[in-house]
Amino acid sequence: MNLILLGAPGAGKGTQAEFICEKFKIPAVSTGNILRAAVKDGTEMGLKAKSFMDAGALVPDEVIIGILKDRLAEPDCANGFILDGVPRTIAQAEAIERMGIRIDKVLELSVPDEVIEQRMSGRRVCEKCGATYHIQSKRSKVEGVCDACGGKLMIRKDDEPATVRDRLAAYHAQTEPLVEFYKERGVLTVIESQPTIEANTRLVMAALEA
Ligand code: AMP
């Protein structure tokens, strides 16, 4: 099963991707995580991407398309994958089609902007493996320490309120048109935001099993 999770930053794509990975035994591909690792390692790609990321802007399509081509060619993606945070523009979606990749389902996690802004202030991310937590809704077992790898939990630089507003603006202008793009292709399901992670997961799983 080849899936896409669409939704604003902080909509819960990464969290739901973890549940889907576990249940369907397919990898999650997050261009955000790949880019953050590249920035941390100081690679050429990371240096190119950093200024866009810090400003809450999208990284140029050609960089993202290159990353995606390489990642989807890896053997663990052969039986399916979940795209988390990609595509984010029509050009990226068209590039996926040109690669000859079939998309079976697209789930849009629809969350009002005010809820996003509240949520983002409590988000924490593991500096080592990229796993995400929330100080209220998704706590780690030991405060400040990643359950998965023991890494230190940090606030993402681009989760500061002003940057979050820029990222939401980028989402509405550049990514939201993908909702219509995938609706036209008959693969879209909209998941309206629920008060708890578990309630969202139930709707996500129901949509995948339908
Ligand atoms: P994320 O972790 O998905 O919220 O991504 C963090 C940042 O990485 C974004 O704000 C963008 O600057 C960049 N990024 C990640 N994925 C993409 C993408 N598909 N297209 C453009 N920029 C991206």
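We count ligands from 1, going down the list as the structure has it; atoms in each ligand are counted the same way.
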Tell me whether [X] contacts the main-chain N or O of [Y] through its side chain, where contact means a donor paired with an acceptor under 3.5 Å.
| X | Y | answer |
| --- | --- | --- |
| D147 | K141 | yes |
| R88 | Q174 | no |
| R119 | A11 | yes |

By side chain to side chain contact (heavy atoms under 4.5 Å, CB included) - contacts of T201 (at least two apart):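 Expected list: Q16, F19, I197, M205.
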What closest approach, in Å, do Q194 and A199 show between heavy atoms, and which atom pair accounts for it? CB-CB, 3.6 Å
Write down the atom of A93, the atom of F181, and the distance for their closest heavy-atom approach.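 Minimum heavy-atom contact is CB-CE2, 3.6 Å.
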So which protein residues pack against ligand 1 under 4.0 Å, heavy atoms counted?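 Answer by chain and number: T31, G32, L35, R36, M53, A57, L58, V59, I64, G85, V86, R88, Q92, R156, D158, R167.
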